[in-house]
2 protein chains.
Amino acid sequence: MSADALERAEQTFVRRWGEMGATWGISRTMAEVHALLFITGDPLCTDDIMQMLQISRGNASMNLRQLVNWGLIRRTHLRGDRKEYFISDLDTWQMFETITRERRRREVGPIIDTLKQCRSDLAGDTPKLEKERQQKAVDCDKKLQDMLDFINTLDVMLDAVLSSGSEQIGMLSAAISNTVKR
Amino acid sequence: MSADALERAEQTFVRRWGEMGATWGISRTMAEVHALLFITGDPLCTDDIMQMLQISRGNASMNLRQLVNWGLIRRTHLRGDRKEYFISDLDTWQMFETITRERRRREVGPIIDTLKQCRSDLAGDTPKLEKERQQKAVDCDKKLQDMLDFINTLDVMLDAVLSSGSEQIGMLSAAISNTVKR
DNA sequence: TAGTCTTTTCAGTTATTATTGAAAGGAATG
DNA sequence: CATTCCTTTCAATAATAACTGAAAAGACTA
């Protein structure tokens, strides 16, 4: 039995979203589960997902948990049914915000810490180096500083964009274009 | 023999940058090679890189080629030496721009194509569905449209930011903050 | 509390991706 | 044009990441 147009469209979307996720360091299956819940819109239970994506119960359980932890989907229940159902946030902007905040939280702090760590180690020990190496240490320090400044700028911009919310996104977009054109 | 402060700082930076890359869908080694060339600043040959990262010649060759293709490093030569040397772009903003442009080029087009494809398939076949499914098809189409709009907005913003160049980045940052505060 | 239904966990397996090393291919040198 | 030095390629291998399935744990019911 062949799929109808709706099923085909959904499947195509799910597959592509999975591939996208994979190139961005998110497991293909996790992205597919999310895509499926998003495009379906309805609450789905673990068995639905296992069946539609042809994956095992354990796999489904793991990936659903991760998505809940990320805040991209939430658990829900259908009355008269003991099973757990899952439902995705359907607001595109909100999804973007959730993903971005999460990655920022996990990644920006640690990298800044490392950069600062490198700098302070260098600062303490540079005087102990021979002259030629001292110059290199200074160059290295400058690069670390550049990188820190850059990450900071990006972080501030991101913060502003994220806290603006979807209503202001058009305005923001316009403001950026204006600034750039000048 | 133990490493001095400069070596330690460089190694820490390289390792962390590699980990970062890995979580962003870039192979750890490729990120490490790039980090090494960046933090060193000097031209390095394949053997330097093999030795410093403890990797094989083939591996070094492959990853260097990729980095050249991405435009993050370039080949260079030292007079009196037959070997090829590699040197990294040292401008943080420029590096960001290169990476972002490259990923955008590779990824944004294809995903937009898929979304459009899904929509037009749906549009053609929706009338053939039974009534209840037609409603679902309309809902699905709306989500695809939302996603397209969102990607488009993001793309426009990104384009503006990228074409602004590093000199304007402070101004841009300020403009964003202003817009958001209002 | 025992019985039933559901979810989670995780050791073992499979699939994917990255790496090696040696052979082949190029390029400069004399 | 033969030699040397260097780079690339790629089949084989190793390392990593993802997935399975069955057992254990948890939760609701009567």
Side-chain angles (χ1 to χ4, degrees), chain A residues 14-37 43-70 73-87 103 106-107, chain B residues 14-37 43-70 72-87 103 106:
Chain A
V14 167
R15 233 175 286 126
R16 169 67 83 195
W17 207 248
E19 284 163 23
M20 280 287 285
T23 73
W24 283 89
I26 289 159
S27 103
R28 183 198 284 2
T29 303
M30 180 167 151
E32 285 192 351
V33 172
H34 181 232
L36 181 62
L37 285 164
L44 298 178
C45 69
T46 306
D47 294 83
D48 294 333
I49 289 159
M50 288 167 61
Q51 187 261 310
M52 293 201 233
L53 299 181
Q54 294 287 297
I55 60 175
S56 72
R57 185 170 301 284
N59 197 6
S61 174
M62 294 291 221
N63 285 107
L64 284 166
R65 174 165 46 168
Q66 278 208 79
L67 286 167
V68 170
N69 287 344
W70 275 69
I73 66 174
R74 61 190 172 75
R75 294 168 200 276
T76 183
H77 293 272
L78 259 48
R79 61 177 174 144
D81 193 337
R82 220 147 117 179
K83 285 202 291 291
E84 254 182 337
Y85 283 72
F86 297 88
I87 193 163
R103 294 203 79 148
R106 295 181 192 200
E107 291 160 18
Chain B
V14 167
R15 231 176 288 125
R16 168 66 84 192
W17 207 249
E19 284 164 24
M20 278 287 285
T23 72
W24 283 87
I26 288 158
S27 104
R28 182 195 284 11
T29 304
M30 179 167 152
E32 285 191 352
V33 172
H34 180 234
L36 181 62
L37 286 164
L44 298 178
C45 69
T46 305
D47 294 84
D48 295 333
I49 290 159
M50 287 167 61
Q51 187 261 309
M52 293 200 236
L53 299 180
Q54 295 287 298
I55 59 175
S56 73
R57 186 171 301 285
N59 197 6
S61 173
M62 295 289 221
N63 284 108
L64 285 166
R65 175 168 42 167
Q66 278 208 79
L67 285 166
V68 170
N69 287 343
W70 274 68
L72 287 167
I73 66 174
R74 62 193 172 74
R75 294 167 198 278
T76 185
H77 293 273
L78 260 46
R79 58 180 175 145
D81 193 335
R82 219 147 115 180
K83 285 202 291 292
E84 255 182 334
Y85 283 73
F86 297 88
I87 192 163
R103 294 204 78 148
R106 295 183 193 200

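Within every chain, numbering begins at 1; the chains are lettered A, B, ... in the order of the sequence lines, protein sequences first and strands thereafter.
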Expressed in angstrom and rounded to an integer, what is the separation of A:Asp47 atom CG from C:dC5 atom P? 13 Å

Proximity to the side chain of B:Asp81 - top-ranked nucleotide from D:dC6, D:dC19, C:dT19: D:dC6

Nearest of D:dT8, C:dT9, C:dA18 to any side-chain atom of B:Glu84? D:dT8

Residue pair A:Glu32 / A:Asn63, side-chain heavy-atom distance below 4.5 Å: no

Rounded to the nearest 0.5 Å, what separates atom CD in B:Gln54 from atom CG in B:Asn59? 12.0 Å

Each base of DNA chain D marked ( ) or [ ] if paired in-strand (Watson-Crick or G-U under 3.5 Å), | if paired to another strand and . if unpaired gives ||||||||||||||||||||||||||||||

Quick one: which of D:dT7, C:dT7, D:dT9 gets closest to the side chain of B:Lys83? D:dT7

When the distance from CG of B:Leu53 to P of C:dA18 is rounded to whole Å, what number comes out? 16 Å

Heavy-atom closest pair, residues B:Arg103 and B:Trp24: NH1-O, 2.8 Å

Could you state the atom-to-atom distance from CD of B:Gln66 to C1' of D:dT9 in whole Å? 14 Å

Check whether any side-chain nitrogen or oxygen of B:Thr46 sits under 4.0 Å from OP1 or OP2 of D:dC6, and answer yes or no. no

Can you check the A:Ile49 CD1 to D:dT20 P distance for me, whole Å? 14 Å

C:dT7 P sits how many Å from A:Ile55 CD1, rounded? 14 Å

For A:Ser61, answer base if it contacts any base atom (sugar-phosphate contacts may also be present), sugar-phosphate if it contacts only those atoms, and nothing otherwise; contact means non-hydrogen atoms under 4.0 Å. base

Taking only N and O in the side chain of A:Arg28, is any of them less than 4.0 Å away from OP1 or OP2 of C:dT16? no

Could you work out which one of C:dT9, C:dG21, D:dC19 sits closest to the side chain of B:Ser56? C:dG21

Could a donor-acceptor pair under 3.5 angstrom be found where the side chain of B:Arg82 meets the base of D:dT7? no

What's the CG-C1' distance between A:Leu78 and D:dC28, to the nearest Å? 17 Å

B:Asp48 versus B:Cys45: any side-chain heavy-atom pair under 4.5 Å? yes

Atom of A:Phe86, atom of A:Leu37 and distance for their closest heavy-atom approach: O-CD2, 3.3 Å

In whole angstrom, what separates A:Asn63's CG from C:dT9's C1'? 14 Å

Hey, which sits more toward the 5' end of DNA chain C by its nearest nucleotide, A:Met62 or A:Tyr85? A:Tyr85

Just verifying a value: how many Å separate A:Met30 CE and A:Arg65 CZ, rounded to the nearest 0.5 Å? 12.0 Å

Atom-to-atom span, CG of A:Asn59 to P of C:dT14 - whole angstrom: 16 Å

Say you draw a straight line from NZ of A:Lys83 to CG of A:Leu78; how long is it, rounded to the nearest 0.5 Å? 9.0 Å

According to a strict under-4.0 Å criterion, is B:Arg57 in side-chain N/O contact with OP1 or OP2 of C:dA24? no

Heavy-atom check, side chain of A:Thr46 versus side chain of A:Arg57, under 4.5 Å: yes

